[in-house]
Amino acid sequence: MKLWEGRFQKELSATTNDFNSSISFDSRMFSQDITGSIAHATMLGAKGIISDADMHTIIDGLTGILEDINSSKLEIDKGCEDIHTFIEAELTQRVGDAGKRLHTARSRNDQVALDVRLYLRDECTQLRSLVAELIATICKKAEEYSDAVMPGYTHLQRAQPVTFGHYILAYAQMLLRDLGRLDDAAKRMNISPLGSGALAGTTYNIDREMTAKLLGFEAACENSLDGVSDRDFCIELASALSIIMVHLSRFSEEIILWCSHEFKFIELDDAFSTGSSIMPQKKNPDIAELVRGKSGRVFGDLMTLLTVMKGLPLAYNKDMQEDKQAIFDAFDTVKMCLTAFIPMLETMTALTDNMYRAAAKGFINATDCADYLVGKGLPFRDAYKCVGHLVAVCIEADETLESLPLEKYKQACELFSDDVYDAINLEKCVRDRKCKGAPCPENVVAQAQAILGKLQK
Ligand code: ARG
């Protein structure tokens, strides 16, 4: 069934028909299409553009179609050009002439722009709760490991002591910003294009505010050309989704490293690890690797959308049909990744002894040792130089700052005395890092609590 038969003498060739059709990927918007059509019909009836009787017939017919698709009584005909065509044809087949009146004062161009917005609005709600769930999971883990000392890194070289709780809360902060980005994009998207028509509105006396309100939009768009040709919201969402994937991918990379025997900071639950077909000893972090790998898909989706849109003159162009696969794939992928990532993290165990051992070996208390000399009156630069020399002495003698005898300290600087060992004690180094945003255990608990509180709002 075609919506545009009148002008044409020939059928579209079968291969071109497949090429032209979008139903294989836009049929998932069936309920949004029906909801949009019910609002449109309600408005047409209210404005006297169609009769009350037709309005009711259309609404009942559409409601029946929705029920039948939901209960699998009605199968979507994949031979149709798109979901809009299918629903309208099915309606007309069920209710006759009233069905043919539904498309009065509407075009598929404003219809599809509407459906995609409605669909993505629901997707944003789902995604939001998954991201929030991950943040909450991180917070609970952080509280569990609020005092687990581990080395913090710069350049992947052991740098200064932090706590594992503090470390993973950095990811909770990133994800909180992701929530903000999602909310911003969803808010900007929440403007109704319905009534923009094909591109130039309509001469019918429609009520665009009414349909906007019925569909839960903040307002109706101001410009009909913009209404049908704007896909900024897809790009914006794909970009917010890409940033989520950057965060998930970085976190995954750390998990992969931490699982390795070189680090051995964590143990993943067997349920979230896989083995090798040949190497019996292997336990691989496949889930984290897949999440890291799938970030590429989402970045690709963003690039697709940017490229599809960049050269399009106003208003609707068929190129824009390509928006859906990209943005749907981005949402599907991120939701799938989060669904796998959350329980993987939840069941992960931190090997705190290994973390501590790594922290004890890397001279990560060298800054604290220098600060100790500063406390004794030495300028920081001189203290820095002196401790640098001590580190070299340790390396030479295969010692750590903790095990180096006091006389070696004293040879380097007279200001050292017995209390240096306390000053460079790892737990103390972490406990004393209590300025705002620093990794001491109380801060970790407070930070986790504050984030959990924010999520409640
Ligand atoms: N399937 C089309 C799309 O996804 C619907 C809009 C068709 N409009 C048109 N003028 N051909 O973009």
Side-chain angles (χ1 to χ4, degrees), residues 1-8 10-37 39-40 62 69 76-92 100 102-123 189 192-202 211 215 221 223-235 237-238 301 304-332:
M1 140 84 191
K2 298 275 177 304
L3 293 175
W4 32 270
E5 272 157 343
R7 190 193 188 285
F8 291 82
K10 278 192 190 165
E11 280 277 308
L12 198 62
S13 80
T15 43
T16 315
N17 192 45
D18 287 347
F19 184 66
N20 190 50
S21 149
S22 55
I23 197 154
S24 62
F25 50 84
D26 67 17
S27 61
R28 59 163 84 192
M29 302 192 300
F30 69 87
S31 86
Q32 288 78 12
D33 193 71
I34 290 173
T35 307
S37 288
H40 181 62
L62 288 170
I69 298 177
I76 295 173
D77 175 5
K78 296 290 166 82
C80 284
E81 186 183 335
D82 53 30
I83 189 64
H84 328 291
T85 310
F86 170 73
I87 303 280
E88 194 183 322
E90 179 64 27
L91 179 69
T92 303
K100 296 193 209 154
L102 169 62
H103 212 53
T104 313
R106 188 176 69 169
S107 154
R108 269 187 303 164
N109 297 351
D110 55 349
Q111 188 178 356
V112 72
L114 172 75
D115 291 3
V116 177
R117 284 172 195 252
L118 289 174
Y119 180 84
L120 294 181
R121 194 166 69 189
D122 296 344
E123 288 290 291
M189 173 172 69
S192 171
L194 192 60
S196 298
L199 73 160
T202 175
T211 44
L215 293 166
C221 71
N223 183 308
S224 61
L225 290 164
D226 183 44
V228 291
S229 63
D230 168 32
R231 294 294 182 275
D232 289 2
F233 58 97
C234 294
I235 298 174
L237 284 171
D301 293 329
T304 299
L305 287 162
L306 288 167
T307 314
V308 163
M309 293 307 293
K310 86 174 185 68
L312 297 187
L314 299 179
Y316 178 83
N317 299 269
K318 186 76 169 192
D319 315 45
M320 286 156 72
Q321 180 166 286
E322 293 289 312
D323 62 353
K324 281 170 281 300
Q325 276 163 301
I327 192 66
F328 293 170
D329 181 71
F331 270 96
D332 292 349

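For this chain, numbers begin at 1 and follow the sequence in order. Indexing begins at 1, ligand by ligand and atom by atom, following the structure's order. This one's a predicted model, so the numbers in the text were calculated from it and none came from an experiment.
Between E123 and R28 no salt bridge is recorded (no basic side-chain N to carboxylate O distance below 4.0 Å). Salt bridge status for D230 with R117: present, with a side-chain N to carboxylate O gap under 4.0 Å. Between D82 and K324 there is no salt bridge, since none of the side-chain N atoms of the basic residue sits less than 4.0 Å from a carboxylate O of the acidic one.
Checked against a 6.0 Å centroid threshold, the rings of F30 and F86 do not count as neighbours.
Of all protein heavy atoms, the one closest to atom 11 (N) of ligand 1 is R108 NH2, 3.7 Å. Remark: minimum distance from atom 6 (C) of ligand 1 to any protein heavy atom is reached at Y316 OH, 3.5 Å. In this structure, the protein non-hydrogen atom closest to atom 8 (N) of ligand 1 is N109 OD1, 2.9 Å.
A donor-acceptor pair under 3.5 Å is absent between the side-chain atoms of D26 and the main chain of S24, judged by distance alone.
Within ligand 1, the atoms closer than 4.0 Å to a non-hydrogen atom of D82 are 1 (N), 2 (C), 5 (C), numbered from 1 in the order shown. Short contacts between ligand 1 and Q321, defined as distances under 4.0 Å to a heavy atom of the residue, involve ligand atoms 1 (N), 2 (C), 3 (C), 4 (O), 12 (O). Close contacts of ligand 1 with S22, meaning ligand atoms under 4.0 Å from a residue heavy atom, involve 1 (N).
Ligand 1 has a nitrogen or oxygen under 3.5 angstrom from a nitrogen or oxygen of K324.
Atom OG of S229 sits about 12.0 Å away from atom CG of D319, to the nearest 0.5 Å.
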